[in-house]
Number of protein chains: 2
Amino acid sequence: MGTKQQLTERISTLLRDSKLSITDTRVKILELFMRSNGALEHSDFEKLAGKSFDRVTVYRTLQTFLEKGIIHKIPTTDTSVRYAVCKSECTEHHHHDHHVHFKCETCGHTTCLDETDVPNIQLPKGYAMHNVEVVVNGVCKSCK
Amino acid sequence: MGTKQQLTERISTLLRDSKLSITDTRVKILELFMRSNGALEHSDFEKLAGKSFDRVTVYRTLQTFLEKGIIHKIPTTDTSVRYAVCKSECTEHHHHDHHVHFKCETCGHTTCLDETDVPNIQLPKGYAMHNVEVVVNGVCKSCK
DNA sequence: TGTAATTTTGCAACAATGTTGCAAATAAAA
DNA sequence: TTTTATTTGCAACATTGTTGCAAAATTACA
């Protein structure tokens, strides 16, 4: 998985490529994303990581990452908003978010199933499709 | 579509079948659902319907309807929570929510595509599937 | 490397949304 | 009609998200 230094380097490159300043907050939030291998919600950032972040900064950082195509949102049925890092195909103005999200009902964790394709859906006449979001609820590997 | 009286009768039956008292608030909220033919969110109930409902009552009413299987939630990528009436296959402890939801990016309206089946999804080994939620974003018939 | 221009951060204050306890009002049961 | 059980509305509070602005950090440039 690489050393801590390699991770930091990878993050710096990502920020530079997105034309964003490299700041402590951005680096630490991206570290959390890269390490978690799943979806994070807002409250996770205030708890985790020893240092506690200012709420406003977290909101603005996530907003910025969204706009730059670094992260994407995952649909939920409650008021929480979940985010996960995008794969390489995502760019500033186009999210290629064609994978399936899995939410475990036992541990509550949401993961991106990158290998699982979103199947084709036949819409009724007159509807134009831009984007499909799929969330599967169930029990994950670790919880069985 | 039936008269107003027929609608009221249908609603009363639904409430009685769910073992719920028939109250003004519940009847009026169900009327809104039946008439809207789409998803409603919390703020819709305070605006609509001439009479304005108490916020707390709306929250509790929606919660009750959810528990009785009268309505279901629709996943969103923001903090709003959207609800729609269930079809007949839904019961108190089992939601047969196997249809596709369509969200129009132009008018913002969310509809249930009852005729559009959720396709089968092949999960990686070790994952157990309970329920699949699909939201298609695009442009609806009326907005084209 | 040091300085100026730009961007980001954190605080304060506010707005919106969701929750809880309890007494009054309403609906159902007897 | 009266009693019992449920539901409602208010008040107070908790949580979550937003905006303006000055201080701090980062970047650009000499």
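Note: hydrogens, waters and symmetry copies are ignored here, and every other heavy atom, side chains too, is used. Naming convention: chains lettered A, B, ... in sequence-line order (proteins, then strands); numbering from 1 in each chain.
For B/Tyr83 and B/His72, the gap between ring centers reaches or exceeds 6.0 Å.
Partners of B/Thr61 by side chain to side chain contact (heavy atoms under 4.5 Å, CB included), not counting sequence neighbours, listed by chain and number: B/Thr25, B/Arg26, B/Ile29, B/Thr57, B/Phe65. B/Ser80 is linked by a side chain to side chain donor-acceptor pair (under 3.5 Å) to B/Asp78, counting only residues two or more places apart in sequence or in another chain. Under the rule for a side chain to side chain contact (heavy atoms under 4.5 Å, CB included), the partners of A/Val56 that lie at least two apart in sequence or sit in another chain are A/Asp54, A/Arg60. Applying the salt bridge (charged side-chain N to carboxylate O under 4.0 Å, His left out) rule to A/Lys125 yields no partners; only residues at least two apart in sequence or on another chain are considered. Looking at residues two or more places apart in sequence or on another chain, you find a ring pair (Phe, Tyr, Trp, His ring centres under 6.0 Å) between A/Phe102 and B/Tyr127. Here B/Glu41 pairs with B/Arg82 under the salt bridge (charged side-chain N to carboxylate O under 4.0 Å, His left out) rule; sequence neighbours left out. A/Arg16 meets the salt bridge (charged side-chain N to carboxylate O under 4.0 Å, His left out) test with no other residue; sequence neighbours excluded. Qualifying salt bridge (charged side-chain N to carboxylate O under 4.0 Å, His left out) partners for B/Arg55, counting only residues two or more places apart in sequence or in other chains: none.
Sorted by first then second residue, the ring pair (Phe, Tyr, Trp, His ring centres under 6.0 Å) pairs that include residues 6-37 of chain B, not counting sequence neighbours, are B/Phe33-B/Phe45.
The CG-C1' distance, from B/Asp54 to C/dA24, rounds to 13 Å in whole Å. Rounded to an integer number of Å, the gap from B/Gln63 CD to C/dG18 C1' is 11 Å. Distance, A/Asp78 CG to C/dT17 P: 16 Å, rounded to whole Å. For the pair B/Phe65 CZ and D/dT7 P, the computed distance is 11 Å after rounding to whole Å. As rounded to whole Å, 14 Å separates atom C1' of C/dG18 from atom CG of B/Leu66. With rounding to whole Å, A/Leu62 atom CG is found 15 Å from C/dT9 atom C1'. Protein atom CZ of A/Arg16 is 18 Å distant from nucleotide atom P of C/dT7, rounded to whole Å. Rounded to an integer number of Å, the gap from A/Glu67 CD to C/dT7 C1' is 14 Å.
One N or O on the side chain of A/Lys73 and one on the backbone of B/Thr77 form a donor-acceptor pair closer than 3.5 Å.
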When you compare the protein's N or O atoms with those of nucleotides 26-30 of chain D, which come within less than 3.5 Å of each other, and at what distance?
{"residue": "D/dT27", "atom": "OP1", "partner": "A/Ile22", "partner atom": "N", "Å": "2.7"}

Output one line per pair: protein atom, nucleotide atom from nucleotides 13-20 of chain D, and distance, for all N/O pairs under 3.5 Å.
{"residue": "D/dG17", "atom": "OP2", "partner": "A/Tyr59", "partner atom": "OH", "Å": "2.3"}
{"residue": "D/dG17", "atom": "O5'", "partner": "A/Tyr59", "partner atom": "OH", "Å": "3.0"}
{"residue": "D/dG17", "atom": "N7", "partner": "A/Arg55", "partner atom": "NH1", "Å": "3.4"}
{"residue": "D/dG17", "atom": "N7", "partner": "A/Arg55", "partner atom": "NH2", "Å": "2.7"}
{"residue": "D/dG17", "atom": "O6", "partner": "A/Arg55", "partner atom": "NH2", "Å": "3.1"}

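Each end of the helix from C/dT1-D/dA30 to C/dA30-D/dT1 yields a helix axis from five base pairs, and these two axes differ in direction by 40° (to the nearest 10 degrees).
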